Asker: 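Sharing a structure here in structure tokens format.
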Amino acid sequence: MKPEISTTLLPKTNPPENEVSAVSSISGAVFNISTSMVGAGIMSIPATLKVLGIIPGFVVIIIMAFLVEVTVEFLLRYTNYSGEANTYGGVMAESFGKFGSVALQICIMISNLGALIIYLIIIGDVLSGSQSDGVLHSGVLQECFGFHWWNERAYSVLFIVIFVMLPLLLLPRVESLAHASAVSILLAVVFVVIIAGMAVYAMLEGQTQELKLFPDFSDGFSYFNLFTTIPVMATALSSCHVTIHPVRAELEDQSNMRSAVRISLALSVVIYIAVGFVGYLLFGESIMADMLVNFDQTSNSPGGLLVNAIVRLSYALHLVLVFPVIFYILRANVDEMIFPRKSLLASDTTRFVSITLMLLTFVYFVAIALPNIWYFFQFMGSTTVACIAFVFPGAIVLRDIHRISTKIDRTMAIIVVILAAVTSVVAISTNLYSSFGNTS
């Protein structure tokens, strides 16, 4: 007999009479997948273009999207091939046993925890401001009402967590978030349109910044610094790998999943290229790792305080609505690791609410205590995200327990694994060298 396969992502498979029916359309799937892709990483794309230059930056975004599509295709091909593995964790367990499933589970939990913490920190930056390189950037609440105890980061984020996020997190099904996901994508589009309008205004007024088409290696700039941009883009575009199985489980026609992924990737690439180009055009070499910091009241961008506030608030609300989709995946993994033999999580209210409150409390306190998230952001892209998005799917194809991979598949798998390993090692080494170099 085959060993029982431990799945990583819900929904779990129950007997037919209790099985949750598939109710999601392809549009709902596109919204949920796109929402997981267009997250906090979009704010750092202009900074990556500052390092890479416009042309190499756009090329890297397109190549990254292609590699994501390839590895998602790998996962979908091996999903349910034997009738047992219907989740990412199930596919890993089928190929590598319990070790593979646990390794994936740990990577997903670390990546999702990190992403949720980053979201709350950015939301806090927008509402209550931040300090960068000794310069205080005020938040929207301070600009509107002045500095008070109730608009400090801890209280403003707590209000959002309790009264906005928690009601969304208590929805038991990911399909229930489709409308919130649609709104979040709309807000991302609104954000792009507003800053595009600001860029057009800046061009008419002759206030745009000079752009680099290619990287500038003068002034001691190292070639290895280029690799530090890859983890940022990987973290941004590769979140869909842990979303596709829960979304696929609720599709009326699961054969539409590949189309949903491709549409989502195309939409995300357009948004990333637009935001990257416009952000770099507006702020040039002064662009911050988090572009929203450039939109405070001291910014030289046109439109004044009102436009700057709308830009920041539209994207902060986008992150608020992205948060539940990522949280759903994290909650599913934690439940599977702690209660592997229990019934469907959504059917056990006490367990569902307890895990939700425990995780949300932890994310909130870490987000308030953590002073800086950007090196951690790069660390995730170089380690756990690289494994989830590239190393693990490539390893599944190379293991090929069903003997269904072609020579082209195996070649692509080798390329993906090597690229992920090399770029991750170089990026981590460069960051560590830069950190020690700055302190010496």
Side-chain angles (χ1 to χ4, degrees), residues 38-62 122-123 125-127 129-144 184-216 218-219 221 229 232-233 236 267-319 374:
V38 186
I42 195 173
M43 290 298 102
S44 60
I45 295 301
T48 64
L49 296 185
K50 181 178 74 171
V51 177
L52 292 172
I54 293 293
I55 294 177
F58 288 173
V59 170
V60 170
I61 291 174
I62 294 172
I122 294 178
I123 292 169
D125 289 344
V126 169
L127 296 176
S130 64
Q131 189 166 350
S132 177
D133 297 327
V135 178
L136 178 64
H137 297 272
S138 58
V140 173
L141 293 178
Q142 284 94 349
E143 292 171 5
C144 295
S184 74
I185 293 300
L186 177 61
L187 287 169
V189 173
V190 169
F191 173 81
V192 172
V193 171
I194 292 176
I195 64 173
M198 295 174 68
V200 171
Y201 181 88
M203 285 189 290
L204 293 177
E205 295 293 317
Q207 297 175 353
T208 55
Q209 305 296 314
E210 183 178 353
L211 306 181
K212 292 185 303 188
L213 295 181
F214 296 94
D216 183 5
S218 62
D219 298 327
F221 183 84
T229 63
V232 176
M233 293 187 179
L267 177 62
S268 301
V269 166
V270 170
I271 292 176
Y272 272 71
I273 288 178
V275 170
F277 177 77
V278 171
Y280 190 24
L281 185 66
L282 282 173
F283 301 109
E285 295 301 304
S286 67
I287 192 75
M288 299 286 197
D290 176 9
M291 184 176 67
L292 290 178
V293 174
N294 291 91
F295 286 96
D296 72 337
Q297 64 179 354
T298 62
S299 173
N300 293 323
S301 59
L305 180 59
L306 178 61
V307 173
N308 289 339
I310 292 174
V311 167
R312 286 182 285 173
L313 287 174
S314 66
Y315 198 77
L317 184 55
H318 164 75
L319 291 183
W374 295 109

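These numbers were taken from a predicted model, which means no experiment stands behind them.
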Asker: Can you find a pair of side-chain heavy atoms, one from Thr48 and one from Ile45, that are under 4.5 Å apart?
Answerer: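 Side chain of Thr48 against side chain of Ile45, heavy atoms only: contact under 4.5 Å found.
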Asker: How close do Lys50 and Lys212 get, counting heavy atoms only, and between which atoms?
Answerer: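 For Lys50 and Lys212, the tightest heavy-atom pair comes out as O-NZ, 2.7 Å.
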Asker: When rounded to the nearest 0.5 angstrom, what is the spacing between CG in Leu319 and OG in Ser314?
Answerer: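 It is 10.0 Å, given to the nearest 0.5 Å.
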Asker: Any side-chain heavy-atom pair from Phe58 and Leu49 closer than 4.5 angstrom?
Answerer: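 A side-chain contact under 4.5 Å exists here.
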Asker: CZ/Arg312 to CG/Leu317 distance, rounded to the nearest 0.5 angstrom?
Answerer: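 The distance works out to 15.0 Å.
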Asker: Give, for atom CD1 of Ile195 and atom CD1 of Ile310, the distance between the pair rounded to the nearest 0.5 Å.
Answerer: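 The CD1 atom of Ile195 sits 14.0 Å away from the CD1 atom of Ile310.
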Asker: Please give me the minimum heavy-atom distance between Gln142 and Leu127, naming the atom from each residue.
Answerer: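 Nearest heavy atoms, Gln142 then Leu127: OE1-O, 3.2 Å.
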Asker: Would you check if Met198 and Val278 make a side-chain contact, meaning some heavy-atom pair closer than 4.5 Å?
Answerer: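 Answer no - side chains too far apart.
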